[in-house]
Colleague: 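One structure coming up, written as C-alpha cells, with questions to follow.
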Amino acid sequence: MDPLDRLGRPLHDLRISVTDRCNFRCTYCMPKEIFGRDYAFLPRDQVLSFEEIERAARAFVALGVEKLRITGGEPLVRRDLPHLIAQLATLRTPTGGELDLTLTTNGAALRALAQPLAEAGLRRVTVSLDSLDDAVFGAMNGIDFPVARVLDGIDAALEAGLTPVKINMVVRRGVNEDSVVPMARWARETGVILRFIEYMDVGHSNGWRLDEVVPAADLVESISGVWPVEPIDAGYRGEVAGRWRYLDGLGEFGIISSVTRPFCRDCTRARLSADGQLYTCLFAVTGRDVRAVLRDGSSDEELVAFLADTWRARDDRYSELRAASTSDLPKIEMFAMGG
Ligand code: SAM
C-alpha cells in the first residue's frame, strides 16, 4: 500500500538525521555567532536510538521508500555510525529489493570512516565542498577547515568504493562564485559528480537574501563558456538535480535549483529529524512526532498507519509559493531538520 499525498506524489525517499550537532560552522547554515559554545543541542534522551531509527525506517520502507539518506548535522559525529548502517543495510523493499543507502557528509571524518561504512553496507556518499580555495572554504565552513583534508576524505570514499561520489557545492553570490569553474575542472579530472546548490532560505540564522542566490541559468552559462554542455533528461521522478553533460564526454554536473526552478511537483521526499520529528517539506514549520509513536507502545502496524496518514495529508509546495515575504515565516533550521 503505497500512499499518495494530496498532490498525487508517492513517498520514495527518506532522509534520516542522526544528530543535530556539527563540527563545522558554515556561515549559511550554522553561523558560529549563533551556534557557539553555549548553544543547547538536543539532549541524548531526545535523540532517536539506532533501534528506533531502524524501526522507523522499516515502516517507511513498507510504504514505498527505496532510498535512505543519512544526514545531520554532521552524521559522522554520531558515535558508532557503522552499526546503524549495518542495521539499515539489512532492510529490503516489499518485493525483496535492496535499498539505495547513502549519506551526506562534510567529509572531515571520511578518511577514518569510509572503509568501515562501506563494509557495513553503505553504497555511496555525497560530500559537501564549497571551494578548492582554502581562504574561501575556510571562511565558509567557519572553522578554517582545510580543503586538503576534505579531498583526502573524498579519496578515502573512492578507495572504499562508495561510488559514484557526489559533491554538493552551495553557491553564494559574492562569496564563492569564483570557485565554480575551478570546482567543475577538478570534478571533470577526478570523476566525481559535482552538483551546485542554489543558496536556499532555510531556517533564519543565515539572513538569506534573494540577491545572494546565483541562479542555475548563470551557473550553466559560466561553465558552458569554458566547456560546451547540453541538458540530460531526469533519471527518475523525484530527481531534484537538473543535469548537464559535457559535450567532450568528460562527465556531467547537476544543479539543485530549488529557488529558480522549484521541483515540488516531483518531490517524493520525507525527513526524519534526530529527535524523531517527521517533516514533509524542507521548509515545513511543524513536524509530526514519530518519536512519541515509537515510545508509546504502539505496534508496527500503528506506526505504519501513522506515517501513511501523515503522507496522505501532505500538500506542501513551499518552493513554488516562495516569494520575498515567505522568507520571514517561521522555519526550522536545516541542521535541526536534517539537511
Ligand atoms: N553536515 C553534512 C554536510 O555538510 O553535507 C550534512 C548536513 S548539511 C545541512 C546538508 C547540505 O545542505 C550540505 O551540502 C550543505 O551545504 C547544504 N546546505 C545547508 N544550508 C544550506 C542553504 N541555506 N542553502 C543551500 N544548501 C544548504
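Below, all heavy atoms of this structure are taken into account, side chains as well, without hydrogens, waters or symmetry copies. Every number for a ligand or one of its atoms is a count from 1 in the order of the listing.
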Colleague: List, ordered by chain and residue number, the protein residues whose closest non-hydrogen atom lies under 4.0 Å from any atom of ligand 1.
Modeller: Y28, C29, T71, G72, G73, E74, T104, T105, N106, S128, N168, V170, I197, E198, Y199, M200, V202, N206, M334, G339

Colleague: Looking at N106 and N23, what are the two nearest heavy atoms and their distance?
Modeller: ND2-OD1, 2.9 Å

Colleague: Report yes if the side chains of R44 and V47 come closer than 4.5 Å at any heavy-atom pair, otherwise no.
Modeller: no

Colleague: Less than 4.0 Å between a side-chain N and a carboxylate O, is that true for R265 and E320?
Modeller: yes

Colleague: Return the set of residues passing ring-ring contact (aromatic ring centres under 6.0 Å, His included) with F50 (not counting sequence neighbours), or none when no residue passes.
Modeller: none

Colleague: By side-chain hydrogen bond (donor to acceptor under 3.5 Å, both in side chains), which residues pair with E51, not counting sequence neighbours?
Modeller: none

Colleague: Residues in side-chain hydrogen bond (donor to acceptor under 3.5 Å, both in side chains) with R209, at least two apart?
Modeller: D211

